[in-house]
Each structure stands twice: as structure tokens, then as C-alpha cells.
Number of protein chains: 2
Amino acid sequence: MSLRLYDLAGADAERPFSPYCWRIRMALAHKQLPVETIPWRFTEKDAIARSGQARVPVLVDDDRWIADSWEIANYLEEAYPKRPTLFGGSAARALTRVYSTLGDMLVADIFRFIALDVFHHVHNKDREYFRTSREQRVGMTLEALVGDRDSRLAWFRQELAPLRHTLKAQHFFGGERPLYADYAVFGPFQWARCTSPFPLLAADDPIASWRQRMLDAFGGLAGKSPGYDLIPVK
Amino acid sequence: MSLRLYDLAGADAERPFSPYCWRIRMALAHKQLPVETIPWRFTEKDAIARSGQARVPVLVDDDRWIADSWEIANYLEEAYPKRPTLFGGSAARALTRVYSTLGDMLVADIFRFIALDVFHHVHNKDREYFRTSREQRVGMTLEALVGDRDSRLAWFRQELAPLRHTLKAQHFFGGERPLYADYAVFGPFQWARCTSPFPLLAADDPIASWRQRMLDAFGGLAGKSPGYDLIPVK
């Protein structure tokens, strides 16, 4: 076993910020698997060509290359069955998929708040690629996408109601302990924390309390990584 | 064991339509537990007073009264552990809660389309109560709430994206077989089918295919119950 993770980095190589890579960083810690992380920039497509696609996370386990956070999580569960389970059984694995999808949609929702902040952290050599590809995807400039973000904050917080109601009743989506479902949803929030001071969550939001528990997990793996202070403002 | 379920009925006692009661009807079938259903109308609060609250579903197991669909599902899982599991384990049970919440929110979203259709099916003696209580809750008349429902359909379908993406990849939220997560989300769709001909889903929507599988489950328990033909229109 020799695990390597290609992990998105920006101008600061010590500030990993990809929402999808953070899922896998947390999953690897959950599995108690040591990993060598390789800072990677958007335009370094050649470095991960053997994965058959052009995005991170990419995990390399000896000579096996796996891409896509959901695929990697499933690979880890199957390849390392004696390590703590990421899903909690086969039914739980099926039930987890919706969290992965909810997390993916959170990325799109959060991007409308932090697009310019992310751009600020992207490596110089990636900036043109980042701006062009993202503006093409959303059909407008990053500035227009973000617009008057304060005016959309109430709507965004309202959209989180299903997560909030669940976290009012239990510590983690996985119950008493976090599971991959938690990492799938946490990744986007950690992405925001690493790149933007914008207060997405109110201080008294149960999601903010859960986020703090996630930041503290695994000896503060996520919380000690460079990011903005989260002093949520109402 | 003698199970009785107080189940919402309308003018037609043979057309149960509560989204929350349907969750429990499906859960009882899943658990292979026979049940006597008692048609109940909104204003018959006295009949279920022993449950300590005023809504259905209410399950009576010998002399034990249990209310609230999530509480009932948990009761059934604990009281009948040798019957097929509703959740799929303890992690899966925790992960299921978000489906219950998503289902609850679906009720609110769908009500904006079918409020007048539901009203049409409510028993005469319940009509004033139903209209007054619902209009108070939403802060407008039922007619204003429904408004131009066609204009909101694209938005509603877009909101279902997390469910759709999951059901593109697997037959049920629970995987190869339905679990309580499926019943929690199906209840609101069955409520709509029982009361309204309005085509909430497009024919080629993976959610529509899943709904059909749910209607067919347990010998067509839900599909054979009186409701509108679902010939989804694009």
C-alpha cells in the first residue's frame, strides 16, 4: 500500500481547497490511511492523465489510478474493509449517494457567493483557465455571478433546511460519529472556509455547530488547514 | 400483537391520502405486519387523544399509542426486529433522517400545486377546518397559494435534482430494494396521486420510474389504491 492523492492547490501550495479533495482527505483520515498529497494545479492535466480524465481528486494506490470522489470513497471501502467503515454497511452506502449529490449541488450554490474569492486564491498560471472555464459554465462573468451576494444569503440558508433539521436531531448525518455522508457535505463548506471570509452560516445554525465538529475531527485536520476564521455573523 | 392505524380519509373513506400515513402503510407492508386501518377525519381529534397530540398517523399496538411517522417507523424497527429491516442498520437509520426531512419539505412544495385538489377530496365536515387551518399556515387563500401552478413546474422539477441524480444511479434510495428512506419520500408523491391529476413529473424523469416501482411494490399496495392515472406529460 502506497497512497498518493493529487490535491488541488492554489497560489499557496499549503492551502488545499477543493471541495471534492477535502471529502477524500477526510475519508482517508477516517480510514486511518496515511497518504502523500501532491499539490496540483488546474492546468497540470498531464500529471493525472493516467486517471483517464482531467480533474482531482485522483488517488493512486500503488499502480492503480482512481478518479472522482464517490468512486474513490467506494474504492477505499472495498480495498480496506478492515479499516473503519466509511458508509456503515451496504444499505447505508446506497443511502449515502444522496448526500454526495446534495454536496455537489452545494458546490454550485456556494460558488455564487465565493467565486471571486476562489479566483483570488488560484495559482497565477491557472487564472486564465479558471476564469474562462467557469464563466463559460455559468454563462456570465464571475463578477456578475456573485453580484449582490448579501441579497441571496437568506435564500441560501433556507435551502439548507433539510440538512439543518437533520442536524438538530443528531450530531452527524452518520449519527453519533461522522461517515462519508458527512464528508460529502462538509467538503463544500471547507472549500468556502479555505478561500473566503464570507459568513455563509449564522452563528446559531445547527449546521455551523456541525461544521465546527467536522473542523475538529481527526485532530483538527480540516480546522488547522489554512482558511478564514469562521466567526459567523447573524 | 394487534396493530391499528388511524389513517386520514376524506369524503371517500376508501381513498386514504395522507403523505405521512402512506409512509407507515408502506412501512407496515415492508415489515409484513397486518394492520387494521381506521379511517379518520381531521376534526376527529378525540379519537386519537390518547396519542397525546392531534395528527395522524397514529399507530396503536395493543395498548401502546405512537404518533408521528418517524417515531412510528422507529418503533416498528425496535418492536419487530426479526421482520425485514426498515432502515438497514444503525448507520443507515441515522442517514435516513434526511430523507424524512426532504419528504416533509416535499409536502410543502407539492401542496402549492395540489392544495385545491386536496380540498376537493376532504370530507364535508372537515372542509372549514382544512381551509382555515391551511390558509392560516400559508398566510393566503388556497386559491392564491396555487395561483398559476404551471408557471412554477419547471422550478419544482429542478428542486428535485438531488433525488433525480441518485435515482439515475440506483433503483431505490435504499439500493436494490426500497427502505424507509424510499417510503418517506414516496408518501408525498402518493398523496399527490391520490388527490390530483396534475402531472408533477415528466414521463422520462427517473423519479417517475422510481414512483412506478413504488406503486408496484407489495403487490401494488399503493398503485391499486384509488388515485389519478399517472400519465406524465412532458
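Just so it is clear, the structure is predicted and the values come from calculations on it, not from any experiment. Per chain, numbering begins at 1; letters A, B, ... match sequence-line order.
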Handout entry: Selection from A/A181, A/S100, A/A92, A/A169 maximising heavy-atom pairs under 4.5 Å formed with chain B
Key =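 Highest number of pairs under 4.5 Å: A/A92.
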Is it true that atom [atom1] of [X] has more than 12 heavy atoms of other residues, nucleotides or ligands lying nearer than 6.0 Å?
| X | atom1 | answer |
| --- | --- | --- |
| A/Q136 | CD | no |
| B/R152 | CZ | yes |
| A/R177 | CZ | no |
| B/R131 | CZ | yes |
| B/K45 | NZ | yes |

Exercise for the section: Measure across A/V98 and B/P162 and return the closest heavy-atom pair with its distance rounded to 0.1 Å. Expected result: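 Heavy-atom minimum between the residues: CG2-O, 3.8 Å.
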Practice task
Apply side chain to side chain contact (heavy atoms under 4.5 Å, CB included) to A/R97 and B/K168, showing your working.
Solution key: CA-CA 11 Å; A/R97 199 188 286 264; B/K168 270 184 192 168; over 6 Å; no
Problem - Between OG1 on residue A/T166 and CG on residue B/L95, distance to nearest 0.5 Å - result: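 Between atom OG1 of A/T166 and atom CG of B/L95 there are 10.0 Å.
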Exercise for the section: Keeping to residues at least two apart or across chains, list the ring-ring contact (aromatic ring centres under 6.0 Å, His included) pairs with something in residues 137-166 of chain A. Expected result: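 Every pair satisfying ring-ring contact (aromatic ring centres under 6.0 Å, His included) with a residue in residues 137-166 of chain A: A/F113-A/F156.
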Under 4.5 Å heavy-atom distance to chain A, tell me which part of [X] shows up: side chain, backbone, both or neither.
| X | result |
| --- | --- |
| B/E176 | neither |
| B/L179 | side chain |
| B/Y99 | side chain |

Problem - Close side-chain approach of B/R93 to A/Q170, heavy-atom, < 4.5 Å - result: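 Of all side-chain heavy-atom pairs linking A/Q170 with B/R93, none is under 4.5 Å.
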Exercise for the section: Among the options B/G89, B/G88, B/G174, pick out the one with the most heavy-atom pairs lying under 4.5 Å from chain A. Expected result: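 Counting heavy-atom pairs under 4.5 Å, the top option is B/G174.
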